[in-house]
Amino acid sequence: MPAAPYTSPLAEVLASDVLGRFLRYVRIDTQSSRERTRCPSTPGQLELGRLLVAELRDAGLDDATLDENGYVMATLPPADGPGAATIGLIAHLDTTTDAPGAGVEPIVHRAYDGGVIVLPREGTRLDPAAMPELAPKVGHDIVTGSGDTLLGADDKAGVAAIMTALAHLASHPELPRPSLRVGFTPDEEIGEGATLFDIERFGAQCAYTIDGSELGELQDETFSAIEATITVHGVDVHPGQATGKLVNALRLAARIVAALPDDRLTPETTSDHEGFIHPTHLSGSAGRAQIRAIVRDFDEHKLSEHVALLERTARDIVGAEPRARLELEVRRQYRNMRSYLDPVPYVVAAAEAAIRAEGIEPIRTPVRGGTDGSRLSEMGLPTPNVFAGGHEFHSVREWVSVQDMAAAAATVVRLAEVWTRPELVAGAAQGAS
Ligand SMILES: [Zn+2]
């Protein structure tokens, strides 16, 4: 059995701190809720926020605050006083609604032997044959839930990595660093993490979400996203008197869904840079029926084509029945961050340099989804995404490697150093002017 493979001596030093924090954070239920009446949508996120503020203050970040909307912000000033760049570090407090999030009981499987990991509840198994990312982690310490809840590595691995890096930097003033601003956001999983994020108050020139997955991942491309709502109005008549009169909206809606391509343009038949039309919800009655669908692509032009196909399909089917009526609503959700990051190439280059400084080869993959950074970049804060080490997000099989989480923390420490390099600071100053 090889010794647990740390990416660097620094990662090894940070490992016990990052694990201790992670185990603390995942025990707090921060599952967000789609039935949002206030921000944050659930009180558990405030509880984690309060804990983080206390821990940030303990580490010496005296200005740490939790605002009324559940956003945590704090500053680690530069070692050499003003004049340095101001860089943001962002992770989200909440967990997904896709799997149970309360009562997480984390288990640390020390020195993984490469076999199937069987969890104590509900027969949940982590089989390396079905999880290509798990197989190479032999020798790693793997953290899982107990089989009946998610783990919360998405994104408490990112929160723990940032907290560990900040504590390390704060206690080592000799390590070079810019001014670091930390921001922990609520309600990211319901697409609202950036909504009340005060970019002005944050005051960073760029930021990094630590919300990626596999070791070395660096992402500057997300989907562009549209949500479409199709409402069909039929003519509802008592079925006993319906002859020649009833127009069943539910049947028309079902025909629209059935007419969409299912051998392409679906999430399950596409990968990499291909987009899709994904009906997520169908409800209704004979009188009125509604389809909700999400439409995704990396390319704005192709995205418009997918939306046009969806509209055409609905119009053709409903248009063939003159007594039925169609309503279409198209709502922009977020935009591919790439167009906002391309003009400031040093932002991604700095992350790439930091990952390499940690001894890791960067992996550049597009995010088939969105991050807080998609909307923050659009709002004026360029924010690519960096790995945090977790896998099988949004499921009861979610797991994270302690060594990879420690590597994420070490990468943040490296990133701080990279942002003191004179050529980068000068380039950024020029880019900003
Ligand atoms: Zn996440």
Side-chain angles (χ1 to χ4, degrees), residues 18 21-22 25-26 28-34 36 39-42 44-45 48-49 52 70-72 88-101 104 106 133 143-145 149-163 182-195 197 207-223 225 294 296 333-334 336-337 351 363 365-377 381 383-401 404-405 408-409 411-412:
V18 82
R21 290 178 191 276
F22 180 72
Y25 305 157
V26 298
I28 301 173
D29 171 13
T30 62
Q31 188 172 54
S32 47
S33 165
R34 291 195 183 275
R36 176 163 125 139
C39 183
S41 60
T42 51
Q45 300 182 62
L48 177 57
L52 293 172
Y71 290 76
V72 174
L89 300 166
I90 296 173
H92 63 89
L93 300 165
D94 65 320
T95 57
T96 180
T97 55
D98 294 349
V104 174
E133 295 88 0
V143 191
T144 66
T149 67
L150 48 75
L151 173 62
D154 177 12
D155 184 23
K156 287 161 185 167
V159 175
I162 291 171
M163 292 294 291
V182 56
F184 296 128
T185 60
D187 288 348
E188 190 265 0
E189 296 287 2
I190 57 167
E192 302 286 359
T195 309
F197 193 102
Y208 300 86
T209 49
I210 313 298
D211 193 16
S213 180
E214 175 63 11
L215 180 77
E217 247 175 30
L218 169 58
Q219 298 161 319
D220 63 353
E221 272 198 278
T222 54
F223 270 143
I294 59 171
R296 301 286 188 263
Q333 293 176 294
Y334 53 86
N336 187 347
M337 60 164 74
I363 305 171
T365 48
V367 186
R368 290 179 65 78
T371 64
D372 270 342
S374 320
R375 281 180 64 211
L376 290 173
S377 296
L381 181 67
T383 307
N385 188 37
V386 174
F387 73 94
H391 293 275
E392 300 282 319
F393 286 174
H394 298 201
S395 84
V396 296
R397 297 172 307 280
E398 196 184 4
W399 61 275
V400 67
S401 147
D404 292 354
M405 235 184 338
T411 298
V412 173

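Counting starts at 1 for both ligands and their atoms, following the listed order.
The backbone N or O of Glu188 lies less than 3.5 Å from a partner atom in the side chain of Asp94, making a donor-acceptor pair.
Looking at Asp187 and His92, their side chains never bring a donor and an acceptor atom within 3.5 Å of each other. Between the side chains of Arg34 and Ser41, not a single donor N or O lies within less than 3.5 Å of an accepting N or O.
Using bins of under 30°, 30° to 60° and over 60° for the plane-to-plane angle, the ring pair His391/Trp399 lands in the parallel bin.
Rounded to the nearest 10 degrees, the angle OD1 (Asp211) to the Zn ion (ligand 1) to NE2 (His92) equals 100°.
Checking Asp154 against the Zn ion (ligand 1), an N/O/S atom falls under the 2.8 Å cut-off. The distance from the Zn ion (ligand 1) to the nearest N/O/S atom of Glu188 is not under 2.8 Å.
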